[in-house]
2 protein chains.
Amino acid sequence: MAIDGTARRADARRNVESILEAATALLATDPAVSVNEIARAAGVGRVTLYGHFPSRAALVEAVSRRVIASTDQALTAVDLDGDARDAMARLLAATWQLTYRFGAIVVAASDALTPEEMRRVHEEPARRMRALVARGRDEGVFRRDMPLSWQLTTVQAVLHGASAAVHRGDVPAEDATRLVRDTVLAALAVTSSG
Amino acid sequence: MAIDGTARRADARRNVESILEAATALLATDPAVSVNEIARAAGVGRVTLYGHFPSRAALVEAVSRRVIASTDQALTAVDLDGDARDAMARLLAATWQLTYRFGAIVVAASDALTPEEMRRVHEEPARRMRALVARGRDEGVFRRDMPLSWQLTTVQAVLHGASAAVHRGDVPAEDATRLVRDTVLAALAVTSSG
DNA sequence: TGCTTCTCGAACAACGGTGTACGCCTTTCA
DNA sequence: TGAAAGGCGTACACCGTTGTTCGAGAAGCA
């Protein structure tokens, strides 16, 4: 069992891994996917899945935690020093990858997790982005005639729109990083007329 | 009956109207709302609802057609002549109202309508926005270093992000029009550095 | 090899949703 | 005022999903 200290058998560990991977892949495109489909995709019986995760919500939560962990790791590796616009370009490039790969999981999580868990999950990545935008505003390179919270909403919206567009096939994946960067920086930049 | 020429009774017409209004209001915030809740909100029995609409999908389709009709009416009333930026500001103001009120209905419709119906529903509004962005590009007021389709994606993304933010309570409704307009125009405008 | 752990399918209960049938009652309208 | 149209609640069948139980059997591990 995982709860006490006893070591799990090797096939159990393998299956847990398969389930998490399959769930991550399926939830990323369909937040309402059923436990049955996840188990089938993992090459595992549904009952086996319930042997490892007590409920669908618990599985979604585990997937979320996993994605958050790798997200945090990728985002904390980003250098946020120097010119705020350059830092934003770097942070956007990293965030874009994560949004593209894991975006829809957030939707699944919002149905399965408590509001407080959701808030905690979003807090750390949002904090970094917020701090960067705030610094850009203080330094006069980002506009101050809009609420900071609106600017964060805009960044999120562009990222999600880009993810949908690439999944839909409207935009080539290799162009997305540049387009997201240029669009967000244009939206945030102080204007000559402002 | 509505199918043949026979006139429906007055209370029947009233109930159909109530059902459509309630469904529009509920679907606008929860695309997965049940027939039961719609009937209750309309002050009508569930069976009565099924007497007027043969299935949930038929109801969603009727609501969609209705919303589309009023959408078309509102959008064709917008003056798209003159400076492309001013025209965009006007078109955004009108589109914002519709996105805010009816946005989630599109989600409900995408589950209940065929893909071809969905395409046809989006076509006309998208065509107008596309034509305006194209004119702005030709006239040199909107940037040309991004695909037009990406710019349309951006506009949609900002509109939907704003809608979500207002419904969430992050942004006051009365500020949304200005924020959407300023943000989209900044994202589309040619840059001094470009 | 043999004990333990785990898998797996089948079956079951519970829930919530859609859609239908029936019978009684109210409203409309001529 | 009375026949027709419509509303309404109840009940039912059906479906997909979640979550559980059981027992047989396979896989891991010492």
Side-chain angles (χ1 to χ4, degrees), chain A residues 1-23 26-27 29-64 104 107-114, chain B residues 1-23 26-27 29-64 104 107-114:
Chain A
M1 295 292 189
I3 309 255
D4 56 31
T6 315
R8 286 165 304 184
R9 231 172 61 182
D11 54 349
R13 269 178 284 127
R14 246 186 292 124
N15 280 338
V16 169
E17 194 61 27
S18 300
I19 292 167
L20 284 172
E21 275 182 35
L26 293 182
L27 288 171
T29 61
D30 179 10
V33 70
S34 73
V35 172
N36 213 332
E37 290 178 77
I38 294 172
R40 268 202 305 117
V44 153
R46 196 170 64 93
V47 181
T48 300
L49 190 153
Y50 275 105
H52 292 299
F53 301 93
S55 71
R56 186 184 190 281
L59 172 57
V60 171
E61 191 196 336
V63 169
S64 299
V107 179
S110 65
D111 288 340
L113 270 53
T114 69
Chain B
M1 298 292 191
I3 310 255
D4 55 30
T6 314
R8 286 167 303 182
R9 232 172 60 180
D11 53 349
R13 267 178 284 130
R14 248 186 289 124
N15 281 337
V16 169
E17 194 61 26
S18 300
I19 292 167
L20 283 173
E21 275 182 35
L26 293 183
L27 288 172
T29 60
D30 179 10
V33 71
S34 73
V35 172
N36 213 331
E37 290 178 76
I38 294 173
R40 267 202 307 118
V44 154
R46 195 170 65 95
V47 180
T48 299
L49 190 154
Y50 274 106
H52 292 300
F53 301 93
S55 71
R56 186 183 189 282
L59 172 58
V60 171
E61 191 196 336
V63 169
S64 299
V107 179
S110 65
D111 288 339
L113 271 52
T114 69

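Below, read A as the first sequence line, B as the second, and so on, with proteins coming before strands; counting in each chain starts at 1. In this text, all values refer to a predicted model and were calculated from it rather than measured experimentally. Scope of the values below: all heavy atoms of this structure, side chains included, with no hydrogens, waters or symmetry mates.
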- Task: Kindly give the heavy-atom pair with the smallest separation between B/L27 and B/A104, and that separation in Å.
- Result: O-CB, 3.5 Å
- Message: Once rounded to the nearest 0.5 Å, what's the spacing between atom CG of A/L26 and atom CD1 of A/I38?
- Response: 6.0 Å
- Query: Please give, in whole Å, the distance from D/dC8 P to B/R40 CZ?
  - Reply: 14 Å
- Query: Hey, does the side chain of A/N36 come within less than 4.0 Å of D/dT18's phosphate (OP1/OP2), counting only N and O?
  - Reply: no
- Message: Counting only side-chain nitrogens and oxygens, does B/R56 get under 4.0 Å of the OP1 or OP2 atom of C/dT18?
- Response: yes
- Note on the structure: Exactly one candidate in B/R9, B/R14, B/R13 meets salt bridge (Lys or Arg N to Asp or Glu O under 4.0 Å) with B/D11; the answer is B/R9
- Query: Atom CZ of A/F53 and atom C1' of D/dT17: how far apart are they, to the nearest Å?
  - Reply: 19 Å
- Note on the structure: On DNA chain C, more 5' by nearest nucleotide between A/G43 and B/S34 is A/G43
- N or O in side chain of A/H52 less than 4.0 angstrom from C/dC6 OP1/OP2: no
- Message: Nearest whole Å is fine: how far is C/dC29 P from B/R9 CZ?
- Response: 7 Å
- Item | Closest to side chain of B/R46, choosing from D/dA11, C/dT26, D/dC29 | D/dA11
- Item | Selected nucleotide, minimal atom distance to B/N15 side chain, candidates C/dT7, D/dG7, C/dT20 | D/dG7
- Any chance you could measure B/R40, atom CZ, to B/L49, atom CG, to the nearest 0.5 Å? 13.0 Å
- Item | Out of D/dC29, C/dT27, C/dC6, whichever nucleotide has its closest atom nearest the side chain of A/A12 | C/dC6
- Which part of the nucleic acid, if any, lies within contact of A/V47, taking any heavy atom under 4.0 Å across all strands shown: a base, the sugar-phosphate backbone alone, or nothing? base
- Roughly, in whole Å, what's the span from CG in A/D11 to C1' in C/dT4? 12 Å
- Query: Can you check the B/L59 CG to C/dG19 P distance for me, whole Å?
  - Reply: 10 Å
- For the pair made of OH in B/Y50 and P in D/dA11, what is the distance, rounded to whole Å? 19 Å
- Message: Just N and O in the side chain of B/R14: are any of them under 4.0 Å from OP1 or OP2 of C/dT28?
- Response: yes
- Item | Separation of atom CD in A/E37 from atom P in D/dG16, rounded to whole Å | 12 Å
- Locate the shortest heavy-atom distance separating B/A32 from B/R56; write the atom from each residue and the value. C-NH2, 3.7 Å
- Item | Closest-nucleotide ordering on DNA chain C, the 5'-leading residue of A/V16 and B/A10 | A/V16
